[in-house]
Amino acid sequence: MSARKPIIAIDGPVGVGKSSVAASLAERLGLVYIDTGAMYRCVTLMAQRAGLSLDDAEAVAELAQRIGIHFERRDGGLRVICEGEDVSEAIRAPEVSRGTSPVADNPAVRERMVALQQEMGRAGGVVMEGRDIGTVVFPNAEIKIYLDADPKIRAERRHRQLIANGKPSDFEKTYNDLMERDRRDAVRPVGALRVADGAIVVDSSHLSESEVIEQLYHLATNHPSWTPSVC
Ligand code: DC
């Protein structure tokens, strides 16, 4: 019997709640959570701060080659450290969110991010979440999940969340932004979002977050790769 803990790959579109689901699942299973979207956000933030045009593929790729990114668990949360600075909040700024698409489209950036992610998960014991984890980063992950939800429902959730946080939101605009990000994720030349071979599709359209976590927890703990003696 192997003493290796499994890799759980979770992919899915924007606004489906992957991050909070993956973080809670990792916590319950005693695995390390890795948010790969945060890594593309780090490159975007650092490129913007350096005054680079995000469409300058060569300059952005060069920056991505030398950038240091790692994650730290602090106070029960995951902190994103880039070049020694805690950028966990800075990478969530709207201008960073808007800038990520050309950065994530850049094949040389992806090559470097995928290599870092493979290094982070090499020993197993991770819940890694993104767009290409089950297809490119860890096609042999023990457990692959594709988390999906109807675009209207994803937009509605985001719209309500913005309102609840006291931020202005217009449903039509939120929906159109989400559709555009879905389109860009789907047509990306490398690492496009698609259901990985062997992935279990979980449609969360009519499930609460805790119901999704519960479902994934059962999928993981009932999977043949999961044995109490190793996990
Ligand atoms: O999930 P997110 O919004 O934090 O992702 C930020 C950007 O990175 C978004 O444009 C999708 C992209 N991304 C990607 O291309 N591949 C991943 N594995 C994760 C995110």
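As the structure lists them, so they are numbered: ligands from 1, and atoms in each ligand from 1.
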Of all the heavy atoms in [X], does at least one lie under 4.0 Å from an atom in ligand 1?
{"X": "Val14", "value": "no"}
{"X": "Met39", "value": "no"}
{"X": "Gln117", "value": "no"}

Side chain, backbone, both or neither: Arg188 near ligand 1, heavy atoms under 4.0 Å: side chain

When you measure from [atom] to every protein heavy atom, which one gives the shortest distance, and what is it?
{"atom": "atom 9 (C) of ligand 1", "answer": "Thr100 OG1, 3.7 Å"}
{"atom": "atom 19 (C) of ligand 1", "answer": "Thr36 OG1, 3.4 Å"}
{"atom": "atom 5 (O) of ligand 1", "answer": "Gly37 CA, 3.6 Å"}
{"atom": "atom 17 (C) of ligand 1", "answer": "Arg131 N, 3.4 Å"}
{"atom": "atom 8 (O) of ligand 1", "answer": "Tyr40 CB, 3.5 Å"}

Does [X] come within less than 4.0 Å of [Y], counting only side-chain N to carboxylate O?
{"X": "Glu209", "Y": "Arg157", "result": "no"}
{"X": "Arg122", "Y": "Glu119", "result": "yes"}
{"X": "Glu85", "Y": "Arg79", "result": "no"}
{"X": "Arg110", "Y": "Asp132", "result": "yes"}
{"X": "Asp177", "Y": "Lys173", "result": "yes"}

For [X], atoms of ligand 1 separated by under 4.0 Å from a heavy atom:
{"X": "Asp132", "result": "16 (N), 17 (C), 18 (N)"}
{"X": "Arg181", "result": "3 (O)"}
{"X": "Gly130", "result": "18 (N), 19 (C)"}
{"X": "Asp185", "result": "11 (C)"}
{"X": "Ala104", "result": "12 (C), 15 (O)"}
{"X": "Arg41", "result": "2 (P), 3 (O), 4 (O), 6 (C)"}

Those residues that, when tested against Glu180, pass side chain to side chain donor-acceptor pair (under 3.5 Å) (two or more places apart):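 Listed in chain order: Arg183.
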
Distance only, no hydrogens: is a donor on one side chain within 3.5 Å (strictly under) of an acceptor on the other, for [X] and [Y]?
{"X": "Thr44", "Y": "Thr100", "answer": "no"}
{"X": "Asp55", "Y": "Ser53", "answer": "no"}
{"X": "His70", "Y": "Glu72", "answer": "yes"}
{"X": "Glu129", "Y": "Ser19", "answer": "yes"}

Could you pull out all donor-acceptor pairs under 3.5 Å where a side-chain atom in residues 21-29 meets a protein atom, sequence neighbours excluded?
unit_1: Ser24; atom_1: OG; unit_2: Ser20; atom_2: O; d: 3.0
unit_1: Arg28; atom_1: NH1; unit_2: Glu214; atom_2: OE1; d: 2.9

Test of proximity, Glu129 against ligand 1: N or O pairs below 3.5 Å: no

Under 3.5 Å: N/O of Lys18 near N/O of ligand 1: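 No; every N/O pair is 3.5 Å or more apart.
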
Shortest heavy-atom approach to atom 14 (C) of ligand 1 - which of Arg98, Arg110, Met128: Arg110

